[in-house]
Number of protein chains: 2
Amino acid sequence: MELRHIRYFLAVAREGNFTRAAARIGIGQPPLSQQIRDLENEIGTALFHRVPHGAELTEAGTAFLEVVAPFPDLAERAIRAAQRAGRGEVGSIRVGFTASAAFSPSVPRVFRDFRRSYPGVEMTLEEANSAQLVAGLRDERLDAVFLRQDTIAGDGIRLHVISSEPMVLVLPSGHPAAQREKVALSELRDEALILTPRAVGPTHYDKVVSACRDSGFEPQMGQIAPQLGSVINFVAAELGFSLVPKPMTQLQAKGVAYREIEGEVPIAQLSLAYRSNDISTALRNFVSRTLAAHQS
Amino acid sequence: MELRHIRYFLAVAREGNFTRAAARIGIGQPPLSQQIRDLENEIGTALFHRVPHGAELTEAGTAFLEVVAPFPDLAERAIRAAQRAGRGEVGSIRVGFTASAAFSPSVPRVFRDFRRSYPGVEMTLEEANSAQLVAGLRDERLDAVFLRQDTIAGDGIRLHVISSEPMVLVLPSGHPAAQREKVALSELRDEALILTPRAVGPTHYDKVVSACRDSGFEPQMGQIAPQLGSVINFVAAELGFSLVPKPMTQLQAKGVAYREIEGEVPIAQLSLAYRSNDISTALRNFVSRTLAAHQS
DNA sequence: AAGTAGCGGATATGGCGCAGTTCCATCGTT
DNA sequence: AACGATGGAACTGCGCCATATCCGCTACTT
């Protein structure tokens, strides 16, 4: 028995007449009659009573109909499911990001845009620090991550720098320097520098320290902030100053002022890193769209 | 797409290897490869990754598998359902019977035997008097009935007499005649005769009245019993006597004695009547087995 | 009542396309 | 170099469909 037989059977069952069923299917009445006869021979019982005005289902035909009626739709559904999967319209991807990456407007936009374009793909988001994200890629717990570093080591892992943003100073709002729109880094040579631990974000850490050194002074290490939000809070508490990527200025807090840097401005890169071995179609789509969104 | 494609796909998915799958199916590896290729072309996406040691499902292949995996079983189930229906192993029949017919041991045996042989057939049983049963056949509310009459009028209704049973006397156990094993009907010429109304069972009524007349007396009509059980109760109350088919002796009651009739014994026929137009296979089986059971 | 037309299913025949066989090439692994 | 696995090419036989026609039944007309 083939799906062809089932399609022919269903057509006759619906029309109650071989001639009309044949016309609907697009073949002649004699081959349709023969195909139904072949099916009845294979099953071993008649599916139709032939009557002068057409054909009526037998009890066997009724029982058969009840089971095979869904077949054409199921077949179509199988094809559609395969096509959607082949286009990456279903599946799942696990995406990580650092806190500061999330403040880049393009990152939430990429999430929003991808979700809208591929509603059938289950996208899981996870915030973590850079070290954790890299470990997650290596351990295959994450498929792609947004982070602020411009190189990554690891087999089967690719990284693309997708944007660069200038850093800005974060000062207590009562600080004398905060009265001006631009502040030279060297003015803060006597202030404590607040940073997250190097181990959680080495690239950012090194860039900030280098920027201070390039301005002619060795930074005085201040309070260690466990995470980015803490940096802002400590500055608000007048424990010192810091440097953050410009999009962080969205994080407003009482007692905190953001100021552009006078002179050479350190740059923070935003990168997309992802697993490139056995990449799923959904992930490939995600990466393509992310890179495309950052090309102009 | 045909079931053949699905069967071939499932074989490769299970074996992970075209060569072994082909061997399992019973065709060569090249035509299997071509058939899968045709399927992939029709769907428009690859279902397998070809790798050096065989083939692995793609995401599209996995999605396709999830939908089509049940197809072979469903196809088999459809064939089986049609075959069972064709053999009358499923369906429903509605059978009626009179109270006295139910006392014939063969009637419950037919019910028991049919239920065991065709567990998939839903058999509904209904007790009613003869007139109601005949009306039920005519109205197509019943498919077959056991009743005590030897003719029936009605288009599309057939009747077979399946057994004959002698009638016996039902007497109050204190009655002088009850002291003997055999009693002549004429001994009861002065006693009241208890019967069910003629309208509910004309054949039985007429036979009993004829038997009395053949014994030389006109019966004195006694209490009218609404149903058969009432007849026994009235006799126990010493309101008179009656005649019933011999199997009724199973209905024992205090104050009641059954006695064989001396002389000519009236006979009660048990018949099966059924609808014969558009007879279902299940009903045909029921009738066949009932007639076969009563042939020896 | 008989004859005819129309409708519908089934049989017979022929042809084309498809599925399977056979042989062999290519690639990757051992 | 040998082996295992997939896929291409040539060939053959079978199956599905088209076409012609027959048969049975019903309805209509004479």
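In what follows, chains are A, B, ... by sequence order, proteins preceding strands, each numbered from 1.
Taken residue by residue, residues 1-26 of chain A places heavy atoms nearer than 4.0 Å to DNA chain C at Asn17(A), Phe18(A), Thr19(A). Within residues 28-37 of chain B, the residues that place at least one heavy atom under 4.0 Å from DNA chain C are, in residue-number order, Gly28(B), Pro30(B), Pro31(B), Gln35(B). Using a 4.0 Å cut-off on heavy atoms, none of the residues of residues 38-48 of chain B approach DNA chain D.
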Per-pair distances, 0.1 Å, donor-acceptor, side chain in residues 63-76 of chain B, under 3.5 Å, sequence neighbours excluded:
| from | atom 1 | to | atom 2 | distance (Å) |
| --- | --- | --- | --- | --- |
| Glu76(B) | OE2 | Arg80(B) | NH2 | 2.7 |

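Taking the side chain as every heavy atom from C-beta outward, Leu3(A) and Arg7(A) approach each other to under 4.5 Å. Considering only heavy atoms from C-beta on, Val134(B) comes within 4.5 Å of Ile152(B) through its side chain. In this structure, Glu126(A) and Val95(A) have side chains that are not in contact, with every pair of non-hydrogen atoms separated by 4.5 Å or more.
Phe146(A) and Phe111(A) have their aromatic ring centers within a separation under 6.0 angstrom. Side-chain rings of Phe286(B) and Tyr118(B) stay apart, their centers remaining 6.0 Å or farther from each other.
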Point to revise | Residue pair Arg138(A), Ile157(A): steps toward the side-chain contact (heavy atoms from CB on, under 4.5 Å) verdict | key: CA-CA 8 Å; Arg138(A) 291 212 174 94; Ile157(A) 292 177; 4.0 Å; yes
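Proximity of a side-chain donor or acceptor of Ser130(A) to a complementary backbone N or O of Leu147(A) within less than 3.5 Å is not detected. In this structure a side-chain-to-backbone donor-acceptor pair under 3.5 Å is present from Ser117(B) to Asp113(B). Remark: the backbone N or O of Thr98(B) is not paired with any side-chain donor or acceptor of Arg148(B) at under 3.5 angstrom.
Side-chain contact of His294(B) with Ser106(B): a donor-acceptor pair under 3.5 Å is present, judged by distance alone.
Salt-bridge annotation for Arg4(A) and Glu2(A): absent, with no side-chain N of the basic residue lying under 4.0 Å from a carboxylate O of the acidic one. With salt bridges taken as basic N to acidic carboxylate O contacts below 4.0 Å, none links Glu89(B) and Arg84(B). Between Asp143(B) and Arg94(B) there is a salt bridge, since a side-chain N of the basic residue sits under 4.0 Å from a carboxylate O of the acidic one.
Helix-axis bend for the helix from dA1(C)-dT30(D) to dT30(C)-dA1(D): the local axis fitted to the five terminal pairs at one end deviates from that at the other end by 20°, rounded to 10°.
The footprint of chain B on DNA chain C, defined by a heavy-atom cutoff below 4.0 Å, extends from dA19(C) to dT29(C).
A distance of 11.5 Å separates CD of Gln34(A) from CG of Leu39(A), quoted to the nearest 0.5 Å.
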